[in-house]
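To keep things clear, I will list the structure first and then write my remarks on it.
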Amino acid sequence: MSQRMQGQPMIVMSEDSQRVKDKDAQEHNITAARAVADAVRSTLGPKGMDKMLVDSMGDVTITNDGVTILKEMDIDNPTAEMIIEVAETQEDEAGDGTTTAVAVTGELLKNAQDLLEQDIHPTAVIKGFHLASEKAREEVDDIAENVDTDDEDLLRKVAETSMTGKGAELNKEVLSQIIVDAVQAVTVEGTVDLEYVNIETQTGRSAGESELLEGAVIDKDPVHDNMPKSVEDAEVLLLNEAVEVEETDVDTEISINDPDQLKNFLDREEAQLKEKVEQIKETGANVVFCQKGIDDLAQHYLAKEGILAVRRVKKSDIKFLREVLNTDIVSDLDSASEVKLGTGSVTRDDSDELFYVSGGDDAHGVTLLLRGSTDHVVDELERGITDALDVVAQTVSDGRVVSGGGAIEVELASRLRDYSDSVEGREQLAVEAFADSLELVPRVLAENAGLDSIDTLVDLRAAHEDGEKRAGLNVFSGDVEDTFDAGIVEPAHAKEQALSSATEAANLVLKIDDIISAGDLSTDKGGDEGAGGPPGGMGGMGGMGGMGGAM
């Protein structure tokens, strides 16, 4: 017998599940994405402000690097995490421009929301954004200027532009030269391999005292006072095995009945250590960098043989030493005699308590020794230098640059508005909205510099309408000028990547009209539900509030 269920809804989801549909879902996603973009907007440009981030352990990070801020923020909203991926992709592909990419994503979604409220379907907006992005990337290539990758002056300007606003302004001339020298040192036939650039930091001195060194820098001490401090004709063994008494795989107990038995046991341990030191000596090595521990007795025997030994060297340093010395890492002393030793020189700087290791003619690798007054200063300096290295390397590989200071964005916006006349249908409005979104960059640059953003944008538009495609904002003087000649230069690839990432992320968000969650809609089930979430009990971005008044 069957009964007809009249007026009874079919329940296909559990009681704990949550669902938000249509405009509510779109509004939720756009709001979450814009919240992330707004979090980093104030850091954009040379006059951008820094953020203080305090994690759950109480560790403090002070930075205005977009991707660092977004990674450190405790965000548990899935849509917001999609926007963070934009910053991470930009960092991986271009090395810089993360704040621009995220800010433009947020502005695209803001303008898209206005179109959606005019009953323009999301698919029309998505198509228009896609057309605008394709056209904008074509125009970047047209506007970009090809450069001679041997032009050190231009490469320094690229490095200075990237570093400005990241704690390196006072010493940017010194640091930019170091960066260019480092990139050129690891460039072979137009290919840059930054794997051969190592960065070491040291506190207590000025950033202007940073230097570029051939080879590697090891921040360790010799394991024994009687060992030589420097070895000119060094035969170096890189060891990934502890020079200690070998322990058994299982727990054992030894019963000792008389002192002779104890003596025999200790003698056997001593003989084992002596054998390991003898194996090292037989390789011909007079310097040993060990990733693991070295027993006190083994230290004595090594010192007796005149061998310089350093223990507990970081894995990353050991790997870099392998490249600098053009040798192999030994994991078993029994096969050490068959390994080719690294040749070079090892010198000790007692004042800085550092070892300088340089390789032979066929080795390569350089170290950037960055100095700063405090840990926070040197950490932020390292982030700025890392971005600048990536940007200069990208410029050398790609060979194209564009004017900074918002010049490229205003020029693209102008060209996209002309292009929109050829686009049929409602997509034309989306193309125009895309153009408006790009002008966010000069507006925010002006805002962060304490200038009037509307007046600045009007002046920039007027200059570009007069054919001055290099016209950008000098945030220090407040004037509109040729930023290329002023030394504000950015790699074209970074702009293309930012346009691509921002458009794809915005379109991905706009395409969602239904959010179904098996439970609390957040990626962090342990935290409290975010306040101010959208209808339906959706998890908000409570983690962002956890940053307190630091924003």
Side-chain angles (χ1 to χ4, degrees), residues 29-45 48 50-51 53 55-56 59 61-109 129 133 137 162-163 165-166 192 194-195 197 199 316 379-380 382-395 397-398 437 440-441 444 490-512 522-524 541 543-544 546-547 551:
N29 286 331
I30 291 173
T31 301
R34 286 181 60 190
V36 175
D38 290 345
V40 296
R41 269 178 58 165
S42 65
T43 68
L44 185 66
D50 290 355
K51 307 289 186 188
L53 308 167
D55 67 15
S56 58
D59 293 333
T61 302
I62 300 174
T63 183
N64 72 354
D65 183 56
V67 72
T68 304
I69 294 168
L70 295 175
K71 282 181 177 178
E72 292 290 332
M73 285 166 57
D74 182 19
I75 292 177
D76 65 354
N77 183 288
T79 309
E81 290 194 347
M82 289 164 53
I83 306 305
I84 294 174
E85 287 181 7
V86 174
E88 292 175 343
T89 302
Q90 181 72 17
E91 181 79 2
D92 293 340
E93 295 297 324
D96 201 7
T98 52
T99 304
T100 300
V102 172
V104 170
T105 304
E107 191 71 4
L108 284 171
L109 290 170
F129 280 0
S133 175
R137 291 205 299 276
S162 176
M163 285 189 296
K166 298 181 180 178
V192 185
L194 293 180
E195 290 291 323
V197 178
I199 297 178
S316 57
D379 287 346
E380 178 66 352
E382 182 178 3
R383 284 187 282 269
I385 292 293
T386 301
D387 286 351
L389 277 170
D390 288 334
V391 165
V392 173
Q394 193 65 245
T395 303
S397 300
D398 185 60
S437 301
L440 170 80
V441 174
V444 172
E490 301 180 72
H493 175 76
K495 293 298 180 185
E496 290 174 340
Q497 181 62 44
L499 289 168
S500 176
S501 300
T503 306
E504 290 174 7
N507 285 347
L508 188 62
V509 171
L510 291 173
K511 208 170 180 66
I512 299 169
S522 72
T523 55
D524 181 8
M541 295 180 64
M544 292 182 68
M547 291 174 63
M551 302 291 276

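Counted by atom type alone, Ser501 and Gln497 present one or more donor-acceptor pairs between their side chains at under 3.5 Å.
To the nearest 0.5 Å, atom OG1 of residue Thr63 and atom CZ of residue Arg383 are 4.0 Å apart. Here the straight-line distance linking atom CD1 of Ile199 with atom OG of Ser316 works out to 11.5 Å at 0.5 Å rounding. Distance check, rounded to the nearest 0.5 Å: CG of Asp59 to CD of Glu72 gives 9.0 Å.
Between the side chain of Glu93 and the main chain of His493, no donor-acceptor pair closer than 3.5 Å is present. Side chain of Ser500 to backbone of Glu496: no donor-acceptor contact under 3.5 angstrom is found. Of the possible donor and acceptor atoms, one in the side chain of Gln90 sits under 3.5 Å from a partner among the backbone N and O of Asp96.
Between Gln394 and Ala94, the shortest heavy-atom contact is NE2-CA, 4.2 Å. In terms of heavy atoms, Asp398 sits closest to Ala492 at OD2-CB, 4.4 Å. Taking both residues in full, the closest heavy atoms of Ala37 and Ala103 are given as CB-CA, 4.2 Å, listed atom of the first, atom of the second, then distance. A pairwise comparison of heavy atoms in Ala505 and Thr105 identifies CB-CG2, 4.0 Å as the closest pair. The nearest pair of heavy atoms linking Val86 to Ala502 is CG1-N, 4.4 Å. Taking each heavy atom of Ala33 and Leu109 in turn, the nearest pair found is CB-CD1, 3.3 Å.
Considering only heavy atoms from C-beta on, Thr61 stays 4.5 Å or farther from Asp379 through its side chain. Looking at heavy atoms from C-beta onward, Leu510 lies in side-chain contact with Ile30 at the 4.5 angstrom threshold. A 4.5 Å side-chain heavy-atom check between Arg41 and Asp38 finds at least one atom pair inside the cut-off. When side chains are defined from C-beta on, Glu504 does not count as touching Glu85, because their heavy atoms never get closer than 4.5 Å. In this structure the side chain of Met82 reaches within 4.5 angstrom of the side chain of Val509, judged on heavy atoms.
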Steps toward side-chain contact (heavy atoms from CB on, under 4.5 Å) verdict (Thr395, Glu490): CA-CA 8 Å; Thr395 303; Glu490 301 180 72; over 6 Å; no
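Applying the side-chain contact (heavy atoms from CB on, under 4.5 Å) test between Thr99 and each of Asn64, Val67, Val104, Leu44 identifies Leu44 as the sole match. Checked options Asp387, Val392, Ile385; the residue passing with Leu389 is Ile385 (criterion: side-chain contact (heavy atoms from CB on, under 4.5 Å)). For the side-chain contact (heavy atoms from CB on, under 4.5 Å) test with Thr43, the passing option among Thr68, Ile69, Val444, Asp50 is Ile69; the others fail. Applying side-chain contact (heavy atoms from CB on, under 4.5 Å) to Leu70 and the options Thr98, Ile84, Ile83, Asp65 leaves one that passes, Ile84.
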